[in-house]
Amino acid sequence: MFWRMTGLSAASPVDTILDKENFTLEELLDEDEIIQECKALNTRLINFLRDKSQVEQLLRYIVEDVPEDSEKKRSFKFPFIACEIFTCEIDIILRTLVEDVELMDLLFSFVKPDHPHSTLLAGYFSKVVICLMLRKTAPLMNYVQEHPDIVVQLVDLIGITSIMEVLMRLIGADETIYSNFADTLQWLESTDVLEMIVDKFSSSDSPEVHANAAEILSAVTRCAPPALAAKICSPSFVGRLFRHALEESRPKSVLVHSLSVCISLLDPKRLASASYQAFRSNLSHGTLVTASPETVDGMLESLGALLKLLDITSSENVLPTTYGCLRPPLGKHRLKIVEFISVLLTIGSEIAEKELISQSAVKHCIDLFFQYPYNNFLHHHVENIIVSCLEVKRNQLIDHVLNDCGLVGKVLAAEKKSSLSVDSNGPTLPSEGKDPPRIGNMGHITRIANKLIQLANSSSMIQNHLLENSEWSEWQTSVLVKRNEVENVYHWACGRPTSLHDRGRDSDDDDFRDRDYDVAALANNLSQAFRYGMYSNDDIEEAQGSHERDDEDVYFDDESAEVVISSLRLGDDQDR
């Protein structure tokens, strides 16, 4: 390399240490340039680090906890550097590790029950194991297969996020691993790993355990070996999940995270990022889980128990707020139930729709929409519920929303009294001695009203229902039309004239166009400048000859002037 040529640079501090007759691994780890030298494939350094005794010592820094009074280097720096050496992905060092059973035993001793599990060291352990998964997949999986207790131990430590990430990749629920190693995952299909994970909802009270268990199960619904995917969407597995969720003695976090798994089963793409979706098209080892009618039926069996939890009359909790108080607050578990109903309506299951109608699930959700006027998360999900019901082609669902739920009447009632009611028996109460504030769901109410009008053009049932209500017609003409005009952002001048073609401009274009350039004046000045040779350059004679040109030769229209102005601005930016 250029910086290693004789006479052009000083010797590396790492080489200086290696030149000593007696040096220790700690001396190398204490040198700041050791990672850089590893990445530069320093032969002497790598030959030293590849030795089994050195790899063992590096592993001990990662998996062995130290007393609190230990030196900071031993507690923090050495474990970090040791982890970074492994993650440099030097093949000969990784090979030394995976080909030696004793070293692998030492690495996975970290997850044994009698071992302390520091969060810091768990992160380093996770990085090393994931590195082996990427670079030494077959040897690692063979080792884990020969030691099935490792999977059990990882599940027991699922509350540590770093360990959860290892387990997620180990069972194939990760989009970046195993695209070419599907055969190594077949042995997992005969294990009870999914059952062990879902049972953590029952055996642990830790919200972190519940959240991480749900994260793994949701990942399995998006990308997993076919056998695991078939198991997780089976009615028996869904029933097992709901049994844990609906146990009265369990914390509410069990219900919340169990419903997150069900939502992911119904709509696997819901929690997936755009980059993940782009990558999934190139994968062949995993399968995207789709909920079968049997899976949906298994969920509907517990719908009645879920709807009972939406009842707010029996709760006596009070939450003070800036606008008053909530008695009781909505809570994460009720919000998650509403979201579950929202997703259930999007799958197009007629059986699910009939069950939701018969148990008044939609009506419960719409009532909560107006009872909690300041919970925008709730408003978002309920708006999706209403739109899903109105856009469906089955008249039974539309009739249920319009007549049984009284949607139009509730919209008009909210519009009449747009401030929080002082005499309300609902859960949202204003502060005493203050003017009641305006309710916070007016924006969603306006969008729902506009959606009704839009769908009335294609649905005679909605159209007739709106026409029969004279109060709606009057409110639409006198209030809604004016509100839409005021809230139309494309009509906001904001100090400058607007036009339709401005809508698609990007921010860079805005930065240029929004300057107060008088194009006509600049065009005239440029014309005069070129006419009288005001610019001094190497072409003085050409500039002077411009006196003899016709006016047409130096005329600048507005469009040409904008081009020149843009060029001048570009040059100005380059000079900065």
Would you call the rings of Phe201 and His210 parallel, tilted or perpendicular if under 30° counts as parallel and over 60° as perpendicular?
tilted

Which of Ile398, Leu455, Leu390 passes side chain to side chain contact (heavy atoms under 4.5 Å, CB included) with Met461? Answer is Ile398

Atom pair CG/SG of Leu407 and Cys389 - distance to nearest 0.5 Å
9.5 Å

Does the side chain of Arg169 reach to within under 4.5 Å of the side chain of Ile130, using non-hydrogen atoms?
yes

Looking at Ser360 and Leu356, would you say the former's side chain and the latter's main chain have a donor-acceptor pair under 3.5 Å?
no

Please say whether more than 12 non-hydrogen atoms of neighbouring residues, nucleotides or ligands are located less than 6.0 Å from CG in Asp311.
yes

Closest heavy-atom pair, His379 versus Pro373, reported as atoms and distance to 0.1 Å, is CE1-O, 3.1 Å

With distance as the sole test, does His381 use its side chain to make a donor-acceptor pair with the main-chain N or O of Asn376 at under 3.5 Å?
no

SG (Cys325) and CG (Leu429) are apart, to the nearest 0.5 Å, by 4.5 Å

Can Glu391 and Lys451 be said to form a salt bridge (Lys or Arg N to Asp or Glu O under 4.0 Å), step by step?
CA-CA 10 Å; Glu391 288 183 339; Lys451 194 67 178 181; 3.0 Å; yes

Check whether any side-chain heavy atom of Leu306 sits under 4.5 Å from a side-chain heavy atom of Phe242, and report yes or no.
yes

For Ala352, is there any backbone N or O sitting under 3.5 Å from a side-chain donor or acceptor partner on Ser349?
yes

Looking at Asn212 and Gly159, would you say the former's side chain and the latter's main chain have a donor-acceptor pair under 3.5 Å?
yes

Would you check, one step at a time, whether the test side chain to side chain donor-acceptor pair (under 3.5 Å) holds for Ser236 with Ser234?
CA-CA 5 Å; Ser236 60; Ser234 64; 3.3 Å; yes

Any sub-3.5 Å donor-acceptor pair from Thr87's side-chain atoms to Cys83's backbone N or O?
yes

At their closest point, which heavy atom of Trp472 faces which heavy atom of Leu412, and how far apart are they?
N-CD1, 4.0 Å

At their closest point, which heavy atom of Pro207 faces which heavy atom of Ser253, and how far apart are they?
CA-OG, 4.0 Å

Test side-chain contact (heavy atoms from CB on, under 4.5 Å) applied to Val198 and Ile232, step by step:
CA-CA 10 Å; Val198 77; Ile232 197 173; over 6 Å; no

Could you please spell out the steps behind the ring pair (Phe, Tyr, Trp, His ring centres under 6.0 Å) verdict for His117 and Phe110?
CA-CA 7 Å; His117 303 109; Phe110 181 81; 5.6 Å; yes

Tell me yes or no: between the side chains of Asp399 and Asn403, is some donor less than 3.5 Å from an acceptor?
yes

Donor-acceptor contact present, side-chain Asp267 to main-chain Ile263, <3.5 Å
no

Ser118 OG to Ile62 CD1 distance, which is reported to the nearest 0.5 Å:
12.5 Å

So, the side chain of Ser109 versus the backbone of Leu106: is there a donor-acceptor pair under 3.5 Å, distance only?
yes

Glu316 vs Pro328 side-chain heavy atoms within contact, under 4.5 Å:
no

Taking everything shown except Ile351 itself, do over 12 heavy atoms lie less than 6.0 Å from its CD1?
no

Could you tell me whether the side chain of Thr321 and the main chain of Gly324 form a donor-acceptor pair under 3.5 Å?
yes

Checking Asp199 against Arg240 for the salt bridge (Lys or Arg N to Asp or Glu O under 4.0 Å) test, could you report, in this order, the C-alpha distance in whole Å, the side-chain angles of both residues, the deciding distance, and whether it holds?
CA-CA 8 Å; Asp199 284 345; Arg240 190 172 191 160; 2.8 Å; yes

His115 side-chain N/O to Val63 backbone N/O, donor-acceptor pair under 3.5 Å:
yes

Could you state the interatomic distance from NZ (Lys200) to CD (Glu195), rounded to the nearest 0.5 Å?
14.5 Å

How close do Leu309 and Arg334 get, counting heavy atoms only, and between which atoms?
O-NE, 3.1 Å

Check whether any side-chain heavy atom of Arg327 lies under 4.5 Å from a side-chain heavy atom of Leu319, and answer yes or no.
no

When you measure from the side chain of Thr221 to the backbone of Leu265, do you find a donor-acceptor pair of N or O atoms at a distance under 3.5 Å?
no

Step by step, would you call Ile163 with Phe125 a side-chain contact (heavy atoms from CB on, under 4.5 Å)?
CA-CA 8 Å; Ile163 303 298; Phe125 167 81; 3.8 Å; yes

Let's go through Gln396 and Lys354 carefully: what are the C-alpha distance in whole Å and the side-chain angles of both, what is the deciding distance for side-chain contact (heavy atoms from CB on, under 4.5 Å) to 0.1 Å, and is it a yes or a no?
CA-CA 9 Å; Gln396 184 181 7; Lys354 290 180 179 180; 4.2 Å; yes

Over 60° means perpendicular and under 30° means parallel, so tell me whether His444 and Phe369 are parallel, tilted or perpendicular.
perpendicular

Residue among Leu154, Ile160, Ile158 satisfying side chain to side chain contact (heavy atoms under 4.5 Å, CB included) with Val166
Leu154

Mind listing the closest non-hydrogen atom pair of Thr191 and Lys231 along with its distance?
O-NZ, 3.2 Å

Hey, could you give me the CE/CD1 distance between Met299 and Ile347, rounded to the nearest 0.5 Å?
8.0 Å

Does the side chain of Leu103 reach to within under 4.5 Å of the side chain of Val98, using non-hydrogen atoms?
no

Verdict with supporting geometry, Leu132 and Phe86, side-chain contact (heavy atoms from CB on, under 4.5 Å):
CA-CA 9 Å; Leu132 294 177; Phe86 284 114; over 6 Å; no

What are the two closest heavy atoms between Cys131 and Leu94, and how far apart are they?
SG-CD1, 4.1 Å

Go through Ser202 and Arg250 one step at a time and tell me if the side chain to side chain donor-acceptor pair (under 3.5 Å) criterion holds.
CA-CA 7 Å; Ser202 178; Arg250 307 300 298 138; 4.9 Å; no

Determine, stepwise, if the pair Lys410 / Glu415 fulfils salt bridge (Lys or Arg N to Asp or Glu O under 4.0 Å).
CA-CA 9 Å; Lys410 291 177 179 178; Glu415 283 287 343; over 6 Å; no

Would you check if there is a donor-acceptor pair between the side chains of Asp105 and Tyr143 at a distance under 3.5 Å?
yes

With rounding to the nearest 0.5 angstrom, report the OG1 to CG distance, Thr346 to Asn384.
9.0 Å

Is the shortest heavy-atom distance from the side chain of Leu344 to the side chain of Leu300 under 4.5 Å?
yes

pair Val193-Ile197: side-chain heavy atoms closer than 4.5 Å
yes

Is there side-chain contact between Phe377 and Val382, with heavy atoms separated by less than 4.5 Å?
no

